[in-house]
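Working notes for the structure below.
Side chains included, hydrogens not; waters and symmetry mates left out as well; all remaining heavy atoms used. The chain is numbered in sequence order, starting from 1. Fair warning: this is a prediction, and the values are worked out from it, not measured in the lab.
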Amino acid sequence: MSHFTRLRTQMVEKQALKEALEDLGYSVEEGDLRLWGFGAGQAKVEMKISTGFLSAAIGFRRTRSGTYEVVADWWGVRGIRRKTFLEQLTQRYAYRVARAKLAEQGFELVSEQTEQDGRIHLVLRRTA
């Protein structure tokens, strides 16, 4: 029997989610997809990423409230800690959303610096 876990997020922008996953080095597959878990269990998702050889994939699907949830049979995911993955994904998603929204408002990236603790500092300027 599979053991799929759903993790709620505040992510609503599909493109930003896809870009965040790509930033983290994953190849994103989109469409009407299925995740396979232990014991031939399965879950429907809209996007999924491969996590390596002999490791279960991680999927993403939109909920009724409009946010995306992370879906995985974490017992089969190798080399990725759930909490660390979600923290990294959330940071990259926030980065992508912020950059897109600021670009819409006419801001241009001047410099970007990532601190040792993982914080990202952006310097932007508004173009006329």
Side-chain angles (χ1 to χ4, degrees):
M1 170 190 251
S2 65
H3 181 263
F4 286 103
T5 302
R6 298 183 335 245
L7 305 174
R8 294 184 205 167
T9 73
Q10 297 300 314
M11 299 176 207
V12 295
E13 310 249 352
K14 184 176 185 176
Q15 186 61 33
L17 174 57
K18 180 180 177 187
E19 290 171 359
L21 289 164
E22 290 169 347
D23 287 350
L24 294 173
Y26 297 105
S27 178
V28 180
E29 186 179 346
E30 296 181 75
D32 186 19
L33 306 169
R34 298 204 182 272
L35 290 181
W36 297 94
F38 180 76
Q42 54 183 307
K44 291 177 73 172
V45 294
E46 297 173 31
M47 292 191 301
K48 73 177 180 180
I49 59 172
S50 174
T51 59
F53 183 67
L54 295 177
S55 181
I58 298 173
F60 305 85
R61 66 179 168 211
R62 188 176 295 277
T63 65
R64 290 183 185 166
S65 66
T67 61
Y68 279 90
E69 64 183 3
V70 181
V71 181
D73 185 346
W74 289 98
W75 291 352
V77 176
R78 304 286 179 242
I80 298 173
R81 298 189 69 216
R82 181 181 354 187
K83 182 180 178 194
T84 303
F85 174 77
L86 195 54
E87 287 171 352
Q88 291 173 340
L89 179 59
T90 300
Q91 182 189 41
R92 290 312 298 177
Y93 174 82
Y95 170 86
R96 285 297 180 174
V97 169
R99 289 281 312 269
K101 298 294 181 190
L102 289 165
E104 286 174 10
Q105 296 173 23
F107 287 93
E108 179 182 294
L109 181 66
V110 174
S111 68
E112 176 180 327
Q113 183 178 4
T114 303
E115 301 293 329
Q116 283 185 328
D117 65 1
R119 289 183 294 159
I120 301 171
H121 293 278
L122 303 175
V123 176
L124 301 137
R125 72 173 161 223
R126 182 173 250 161
T127 56

Exercise for the section: State which residues pass side chain to side chain contact (heavy atoms under 4.5 Å, CB included) with L124; sequence neighbours excluded, sorted by chain then number. Expected result: L102, F107, L109, L122
Exercise for the section: Using the rule that two of Ile, Leu, Val, Met, Phe, Trp, Tyr join whenever any of their side-chain heavy atoms come within less than 4.5 Å, decide whether L24 and Y68 are in one cluster. Expected result: yes
Exercise for the section: Determine yes or no for a side-chain-to-main-chain donor-acceptor pair under 3.5 angstrom, with Y95 supplying the side chain and A20 the backbone. Expected result: no
Problem - Co-membership, hydrophobic cluster, residues L33 and F4, 4.5 Å side-chain - result: yes
Problem - Cluster link V70 to M47, ILVMFWY, side chain under 4.5 Å - result: yes
Fill in the blank from the handout: So NZ of K48 and CD of E29: to nearest 0.5 Å the spacing works out to 5.0 Å
Would you give me the side-chain donor-acceptor pairs under 3.5 Å for residues 78-86, sequence neighbours excluded?
unit_1 : atom_1 : unit_2 : atom_2 : d
R78    : NH1    : W75    : O      : 2.6

Handout entry: Nearest-0.5 Å distance that lies between atom CD in Q113 and atom CD1 in I120
Key = 11.0 Å
Handout entry: Verify same cluster id: V77, F60 (apolar side-chain graph, 4.5 Å)
Key = yes
Handout entry: Residues forming a salt bridge (Lys or Arg N to Asp or Glu O under 4.0 Å) with E69, sequence neighbours excluded
Key = R6, R61
Practice task
Could you walk me through whether E19 and R99 pass the salt bridge (Lys or Arg N to Asp or Glu O under 4.0 Å) test, one step at a time?
Solution key: CA-CA 12 Å; E19 290 171 359; R99 289 281 312 269; over 6 Å; no
Fill in the blank from the handout: Heavy-atom closest pair (K18 atom, V28 atom, distance to 0.1 Å) is O-CG2, 4.0 Å
Handout entry: Value rounded to 0.5 Å, distance of OG1 in T114 from CD in E112
Key = 5.5 Å
Exercise for the section: Could you tell me which residues satisfy side-chain hydrogen bond (donor to acceptor under 3.5 Å, both in side chains) with K14, sequence neighbours excluded, listed by chain and number? Expected result: E30
Exercise for the section: Can you see which heavy atom on A72 is nearest to which on A57, and at what distance? Expected result: CB-O, 4.1 Å
Exercise for the section: Report the distance from atom CZ of R126 to atom CD of Q105, rounding to the nearest 0.5 Å. Expected result: 6.0 Å
Practice task
May I ask you to check whether over 12 heavy atoms, not counting those of Q10, lie within 6.0 Å of atom CD?
Solution key: no
Practice task
Please name all residues satisfying salt bridge (Lys or Arg N to Asp or Glu O under 4.0 Å) with D117, sequence neighbours left out, ordered by chain then number.
Solution key: R119
Exercise for the section: Please tell me if the side chains of D73 and L35 come closer than 4.5 Å, counting only heavy atoms from C-beta onward. Expected result: no
Handout entry: Approximate separation, where rounding is to 0.5 Å, of T5 OG1 and W74 CH2
Key = 8.5 Å
Handout entry: hydrophobic_cluster_shared for V71 and L7, side chain cutoff 4.5 Å
Key = no
Practice task
Check A16 against V97 and note the closest heavy-atom contact, atom names and distance.
Solution key: CB-CG2, 3.6 Å
Handout entry: Side-chain heavy-atom pair L89, L17 within 4.5 angstrom cut-off
Key = yes
Exercise for the section: Can you sort out the partners of K44 under salt bridge (Lys or Arg N to Asp or Glu O under 4.0 Å), two or more places apart, ordered by chain and number? Expected result: none
